[in-house]
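These notes concern the structure reproduced below.
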Amino acid sequence: MACESRIEELNFVLVPLLAVSHIIPMVDIAKLLAQRGVIVTLVMTPLNAIRFTAVIDRAIDSGLLIRVLHLRFPAKEAGLPEGCESVDLLPGLAYRRNFFTAIDMLQDQAEKLLQEIQPKPSCIISDMHIAWTAETADKFQIPRIIFDGMSCFNQLCMHNLYIMKDQNRIPESGHFVIPDLPDRIEVTKVQLPGAFNPPPLHVQDFRDKIRAAEISAYGVIINTFAELEENYVDEFRKLKNGRVWCVGPLSLCNNESLDKAQRGNKTSFDEEERLKKWLDSWQPESVVYACLGSLSQTTVVQFVELALGLEASGYPFILVVKSGERQAPIEEWISENKFEERTKERGLLIRGWAPQVVILSHSAIGGFLTHCGWNSSLEGIGAGVPMITWPLFAEQFLNERFLVHVLKTGVSVGSQEVVHFGEEEKYEVQVSKEEMTKAIKEVMDKEKKANNRRIRAKEVGEMAKKAIEEGGSSHLSLTLLIKEVQEFNLTN
Ligand code: UDP
């Protein structure tokens, strides 16, 4: 009982990066922590908070102690257009520096508000990219635990790549093996994340600050589950003195259908019933779902290859057409070529935002064509669906290596090079429609290899569900995290 009352006095402060795909898992963490009886304070800016109001209000109405601290976003002071409060709303790569400057400016405001809250903060769970939370945690003398939305596999790859970089050992061209990993993982420099393969307009000074704050963090929360990548979890724990908590897949903590449907933006496909009906009309495991995440901005020429590749595969498909500045030329191509009309018997286009977790959990889905963002990858894994992998930028090529070479539930479309986020126009077509079709068929066909992949994906999906249940590894990991923070606060 004494222990329980202590838990009620714990106040976990969560500071997500202002990007929808970073806030989504942080809101899931908020709900999971609050379900265990701790108070959660989410720090956000108004326009970001609005996107999550429905989900958070429902959690609060159900009795969870979650509150949102609103910070004013200093768009003007940082030279950003008004309303650009989120990475996915930036008009272009040129604004990236301004965005990180604005993020840095939030520190004073946040600290003032945190001084006033009761109970006082017990720890900060900060997105890796918010470096100032390191100073804030020092001022409040509380642990800063980072969450960066990557897997342990990825963390280890990055750790070893940083060592290679410091020693000038990353070859400019050709394949090389990332050393000291449980599996043989080959990459090329042009497939690496920005820290090792920077786009021309880099933000190295911000990167260095983020890296320093990452190294000094008390511990790390990972959206994964131990059974998925046991060797990598063990190795990463050794690196971090055991302070690694694997609490995922976070997407599976959403049991309510509304919570699943309203993760992130509101779906533009508001005719939920029509979507359900459409999916219900197909045989189990027959539909390909294609979605490239919240940030990617596919050029029209590359979109055409994707659309034609899906069409030529012969399988029913859902294709998400992201909104944004690229949507107009894409819509023009769709209408001029009557693409929607001629594929209407077996194709469904969703404009804007798809209820991804709802779609993936439908039995009709047989393959997920993904850009390999880690949220999407883990959502596919949790749903037990094999994947067609098309990495685009950031650490997505590493995620692809994990899906294809370690987990063996993915087939690559064969992309060879990062298309730096915001610079898509500079690249030619990276993947042809023939390559798309080939990979889709390989995943969807009924041959032995595809069947084995399907079985494996299902088994891993089952493991994922068990991990988050009471007694499961991720459930236990969250208990240990709360205990650790509780003990820290009792003894410091
Ligand atoms: N997402 C969604 N509907 C969309 C696009 C994205 O629900 O139409 C969600 C998806 O479920 C995932 C997140 O947005 O949770 C994307 O995160 P990820 O790490 O996969 O990629 P990013 O957007 O960061 O590139």
Side-chain angles (χ1 to χ4, degrees), residues 16-29 31 48 51-52 54-55 86-90 93 127-129 147-151 154 193-194 222-224 248-254 257-270 272 275 289-298 306 318-324 326-327 330 348-362 365 368-383 385 387-400 402-403 410 418-422 424:
L17 178 68
L18 304 177
V20 67
S21 57
H22 288 243
I23 302 177
I24 288 173
M26 208 58 125
V27 169
D28 288 340
I29 293 175
K31 288 199 300 185
N48 284 291
R51 290 164 151 183
F52 291 86
V55 171
S86 177
V87 179
D88 46 296
L89 298 176
L90 289 183
L93 187 75
D127 191 285
M128 180 183 86
H129 296 89
F147 172 70
D148 73 350
M150 288 201 250
S151 62
N154 220 306
I222 303 278
N223 187 11
T224 188
L250 292 166
S251 61
L252 294 182
C253 79
N254 294 287
S257 54
L258 269 177
D259 285 351
K260 278 189 204 164
Q262 293 177 345
R263 280 177 95 232
N265 291 320
K266 261 226 166 88
T267 171
S268 56
F269 196 78
D270 50 6
E272 293 264 339
L275 172 62
Y289 167 62
C291 179
L292 305 174
S294 68
L295 294 171
S296 69
Q297 299 181 8
T298 321
L306 168 62
I318 294 177
L319 171 57
V320 181
V321 184
K322 202 176 158 281
S323 52
R326 298 266 163 70
Q327 192 176 355
I330 286 176
L348 181 68
L349 302 191
I350 296 183
R351 262 81 178 193
W353 190 258
Q356 178 155 303
V357 173
V358 175
I359 295 173
L360 283 172
S361 58
H362 196 284
I365 300 298
F368 177 18
L369 194 154
T370 171
H371 73 309
C372 304
W374 185 244
N375 288 306
S376 295
S377 302
L378 199 56
E379 284 158 14
I381 290 168
V385 176
M387 281 173 260
I388 301 126
T389 61
W390 179 16
L392 298 171
F393 57 88
E395 87 294 355
Q396 293 159 10
F397 274 87
L398 298 175
N399 295 338
E400 174 186 72
F402 179 74
L403 294 171
V418 161
V419 172
H420 282 299
F421 170 57
E424 293 81 357

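Every number for a ligand or one of its atoms is a count from 1 in the order of the listing.
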Next item on the list: Of all the heavy-atom pairs spanning T370 and L292, show the shortest one and how long it is.
Entry: C-CD2, 4.4 Å
Go ahead and list the nitrogen or oxygen contacts between ligand 1 and the protein that come in under 3.5 Å, distances to 0.1 Å, or just say none.
from: ligand 1; atom 1: 3 (N); to: A354; atom 2: O; distance (Å): 2.7
from: ligand 1; atom 1: 7 (O); to: A354; atom 2: O; distance (Å): 3.2
from: ligand 1; atom 1: 8 (O); to: A354; atom 2: N; distance (Å): 2.8
from: ligand 1; atom 1: 11 (O); to: Q356; atom 2: NE2; distance (Å): 3.2
from: ligand 1; atom 1: 11 (O); to: E379; atom 2: OE1; distance (Å): 2.6
from: ligand 1; atom 1: 11 (O); to: E379; atom 2: OE2; distance (Å): 3.3
from: ligand 1; atom 1: 15 (O); to: E379; atom 2: OE2; distance (Å): 2.6
from: ligand 1; atom 1: 17 (O); to: N375; atom 2: ND2; distance (Å): 3.3
from: ligand 1; atom 1: 19 (O); to: N375; atom 2: N; distance (Å): 3.2
from: ligand 1; atom 1: 19 (O); to: N375; atom 2: ND2; distance (Å): 3.0
from: ligand 1; atom 1: 20 (O); to: S376; atom 2: N; distance (Å): 2.9
from: ligand 1; atom 1: 20 (O); to: S376; atom 2: OG; distance (Å): 2.6
from: ligand 1; atom 1: 21 (O); to: H371; atom 2: NE2; distance (Å): 3.0
from: ligand 1; atom 1: 23 (O); to: S294; atom 2: N; distance (Å): 2.7
from: ligand 1; atom 1: 23 (O); to: S294; atom 2: OG; distance (Å): 2.5
from: ligand 1; atom 1: 24 (O); to: S21; atom 2: OG; distance (Å): 2.6
from: ligand 1; atom 1: 25 (O); to: H371; atom 2: NE2; distance (Å): 2.9

Note to self: Set out, in order, the CA-CA distance, both residues' side-chain angles and the distance that settles side-chain contact (heavy atoms from CB on, under 4.5 Å) for D28 and N223, then state yes or no.
What the structure shows: CA-CA 10 Å; D28 288 340; N223 187 11; over 6 Å; no
Checklist line | Whether W374 and F402 hold their rings parallel, tilted or perpendicular, with breakpoints at 30° and 60° | finding: perpendicular
Margin query: Would K322 and D88 count as a salt bridge (Lys or Arg N to Asp or Glu O under 4.0 Å) here? Give the steps.
Written below: CA-CA 11 Å; K322 202 176 158 281; D88 46 296; over 6 Å; no
Next item on the list: Apply the test side-chain contact (heavy atoms from CB on, under 4.5 Å) to residues M150 and L398: give CA-CA distance (whole Å), side-chain angles for both, the deciding distance (0.1 Å), then the verdict.
Entry: CA-CA 10 Å; M150 288 201 250; L398 298 175; over 6 Å; no
Next item on the list: Before giving the answer on side-chain contact (heavy atoms from CB on, under 4.5 Å), spell out for V20 and R51 the whole-Å C-alpha distance, their side-chain angles and the decisive distance to 0.1 Å.
Entry: CA-CA 8 Å; V20 67; R51 290 164 151 183; 3.5 Å; yes
